[in-house]
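Worth knowing before you read on, the calculation uses all heavy atoms, side chains too, and leaves out hydrogens, waters and symmetry mates. Chain identifiers are assigned alphabetically (A, B, ...) following the order of the sequence lines, protein sequences preceding nucleic acid strands; residue numbering begins at 1 within each chain. Note that the structure is a prediction, hence the values are computed from the model and not measured.
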Protein chains: 2
Amino acid sequence: MTAVARTPRRRRAQRGSGEQLRAEIIAAARELLAAAANADDVSIRAVADAVGVTSPSIYLHFADKNELLGAVVSEVFSELDAAMLAAGADADGPFERLRAFGLAYVVFAVAHPEQYRIATMDPCPQPDVDEVLASSAFENFNATVMECMQAGIFADGDPLPITLDLWAAAHGIASLMIAKPFLPWGDVKTTADRALCAAALGHAARALVGDGDVTAKQLTEWLAEQHRPSRSRKR
Amino acid sequence: MTAVARTPRRRRAQRGSGEQLRAEIIAAARELLAAAANADDVSIRAVADAVGVTSPSIYLHFADKNELLGAVVSEVFSELDAAMLAAGADADGPFERLRAFGLAYVVFAVAHPEQYRIATMDPCPQPDVDEVLASSAFENFNATVMECMQAGIFADGDPLPITLDLWAAAHGIASLMIAKPFLPWGDVKTTADRALCAAALGHAARALVGDGDVTAKQLTEWLAEQHRPSRSRKR
DNA sequence: TGTACATCAGTGAACGCGCGTTCACTGATGTAC
DNA sequence: TGTACATCAGTGAACGCGCGTTCACTGATGTAC
């Protein structure tokens with residue numbers, strides 16, 4: 001009497017429609033990945049089962065599990081790219097676009113925690129995953145940093161260090177929020193915006209004092225000098 | 001003729017010296033973990049083998065694998081705590097201590113990548129791991145942020161958001177360096193210092209303009225105003 | 001229009017593997033008398 | 001000082017499990033004549 005509820009057998013695909021099952025497999029893997037704590041917890045069998053197909057069928061569309069995971073992550077990052085571009089589309093100037101990009105990045109990461117974790121923390125990801133990453137988040141940030149330099153918001157020079165830093169700031173907030181959700185983060189957007197603005201303003205402040213190798217010590221002293229009179233008027 | 005080189009059987013421990021094997025197990029697990037890409041790649045058997053003991057012996061000292069991993073991470077974070085305190089010991093003022101803390105944090109994380117990854121990215125870590133984390137990095141940062149507030153470097157208020165933000169900045173740099181070592185990071189210390197200073201200075205700049213809820217827009221406008229005359233004197 | 005045939009998406013069963021963990025045991029060490 | 005015994009750190013063999021992947025196959029679909 002053990003009536004095991006089997007997934008209903010799906011209809012055989014039309015001749016030329018191999019792509020359809022491929023897309024369904026990726027979608028199922030994404031969903032399972034989102035629910036799992038770990039990429040290892042999503043098995044080929046589980047993905048096949050979710051689609052309503054046997055596990056060897058997966059290998060008709062992907063060489064191995066790694067390729068499937070890579071495809072999932074690629075898809076997710078394409079969407080991240082789209083989300084960032086959409087968020088930055090009607091920003092008022094490059095600095096505001098930087099903010100919008102960063103915010104969209106963090107919000108997206110928090111909304112897709114497991115996929116984000118795989119893409120950014122797996123030490124041996126698919127090569128093309130890194131390409132996707134480079135072509136979306138990284139390039140979006142970098143182009144806008146250059147605009148900020150042209151606008152005089154950042155000091156002229158190599159945009160790369162600032163881009164990496166802003167990316168790291170967004171990533172730091174996003175990944176800690178994902179991994180330590182019990183910490184008192186407050187509202188995602190507010191916190192992310194605060195952190196991103198701080199990082200960006202820090203670089204902007206550098207431009208204020210002068211070009212090149214200003215030491216942090218000089219900067220703080222300068223800031224402290226500006227600061228003191230405005231707060232208590234003594235000195 | 002297959003002379004398998006077996007690990008030499010270790011001498012039986014003295015009666016009261018159960019602690020010694022426990023420490024050896026943790027040390028072996030740390031070493032294997034550092035070499036592995038993933039915590040799942042370190043098996044109980046491998047740890048036992050490295051110590052020169054059979055796998056059931058592990059269970060004489062740890063309830064299960066999770067407890068062993070937790071012990072490893074606790075130990076690593078105790079050392080992180082020590083490294084941070086040592087680095088900040090003779091810093092010149094709270095801001096410099098913040099820098100020293102952040103630098104030590106990133107340097108330590110990059111030097112112990114796998115242990116760091118487990119501690120910060122595993123979504124379901126041992127409860128006491130989080131306690132250790134809270135008692136070291138987090139508390140060190142938080143106390144110093146409060147000192148910075150008293151010194152007028154940061155605007156008065158709740159130190160928590162700034163602490164979380166600085167921690168996220170350090171974590172962002174550290175974890176991206178670990179996960180994407182092929183990116184053009186440059187020197188670890190230089191890059192980490194740049195990022196941390198930017199974040200800290202960003203918060204300091206906020207204090208400059210005024211208390212409370214200054215919008216980022218106001219801040220950039222203010223910065224831009226300060227900025228333009230100093231660079232080209234036009235306007 | 002009907003029949004024989006090629007195609008190939010998907011199947012079912014099995015493979016070997018390494019894992020975490022359990023369990024009855026052994027035998028050196030320390031202790032009581 | 002010698003002997004019997006309790007202790008308990010560590011052993012050896014096995015357990016059940018779920019995994020990724022392979023392989024010979026099936027049978028609906030489309031095509032050629």
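Residues A/D165 and B/R194 are not paired through a salt bridge, judged by the lack of any N-O separation under 4.0 Å between the basic side chain and the carboxylate.
For the ring pair (Phe, Tyr, Trp, His ring centres under 6.0 Å) test, residues two or more places apart in sequence or in another chain that qualify with A/F108 are A/H112.
Atom CZ of B/F62 and atom C1' of D/dA9 are 15 Å apart (whole Å). One atom, CZ of A/R22, and another, P of C/dA9, lie 14 Å apart when rounded to the nearest Å. As rounded to whole Å, 15 Å separates atom C1' of C/dG10 from atom OH of A/Y59. As rounded to whole Å, 15 Å separates atom C1' of C/dG20 from atom CG of A/D40. The distance between atom CD of A/E19 and atom P of C/dA9, rounded to the nearest whole Å, is 11 Å. Separating the CD atom of B/Q20 from the C1' atom of D/dG10 is a distance of 14 Å, rounded to the nearest angstrom. Between the CG atom of A/D41 and the P atom of D/dG20 there is a distance of 11 Å, given to the nearest Å. Atom CG in A/L69 sits about 14 Å away from atom C1' in D/dC19, given to the nearest Å.
The shortest distance between the side-chain N/O atoms of B/T54 and the OP1/OP2 oxygens of D/dT11 is below 4.0 Å. OP1 or OP2 of C/dA9 has not a single side-chain nitrogen or oxygen of A/H61 nearer than 4.0 Å.
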Notebook entry, point to check: How far apart are the C-alpha atoms of A/M177 and A/T191, what are their side-chain angles, what is the distance that settles it, and do they pass the side-chain contact (heavy atoms from CB on, under 4.5 Å) test?
Noted result: CA-CA 10 Å; A/M177 276 182 170; A/T191 304; 3.7 Å; yes

Using the rule given for side-chain contact (heavy atoms from CB on, under 4.5 Å), can you reason through A/V47 versus A/F62, listing the C-alpha separation, both sets of side-chain angles and the distance that settles it, and then say yes or no? CA-CA 12 Å; A/V47 172; A/F62 301 92; over 6 Å; no

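In this structure, A/W185 contributes its side chain and B/L164 its backbone to no donor-acceptor pair below 3.5 Å. Although no hydrogens or angles enter the test, the distance criterion places no donor-acceptor pair under 3.5 Å between the side chain of A/K189 and the main chain of A/A104.
Taking only side-chain atoms of B/D64, from C-beta outward, the nucleotide of C/dT21, D/dT11, C/dT11 with the closest atom is C/dT21. Distance from the side chain of A/K65 is smallest for D/dG20 among the nucleotides D/dG20, C/dA9, D/dG10.
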Give me the distances for all protein-to-nucleotides 13-18 of chain C N/O pairs that come in under 3.5 Å?
none

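Residues A/Y105 and A/Y116 place their aromatic rings such that the two centres sit under 6.0 Å apart.
Using a 4.5 Å heavy-atom threshold, the side chains of A/K180 and A/F182 count as touching.
Only one option out of A/L69, A/V73, A/N38 pairs with A/L33 in a side-chain contact (heavy atoms from CB on, under 4.5 Å); it is A/L69.
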Under the rule of Watson-Crick or G-U wobble with both distances under 3.5 Å, where | means paired to another strand and [ ] a crossing pair, DNA chain D maps to .||||||||||||||||||||||||||||||||

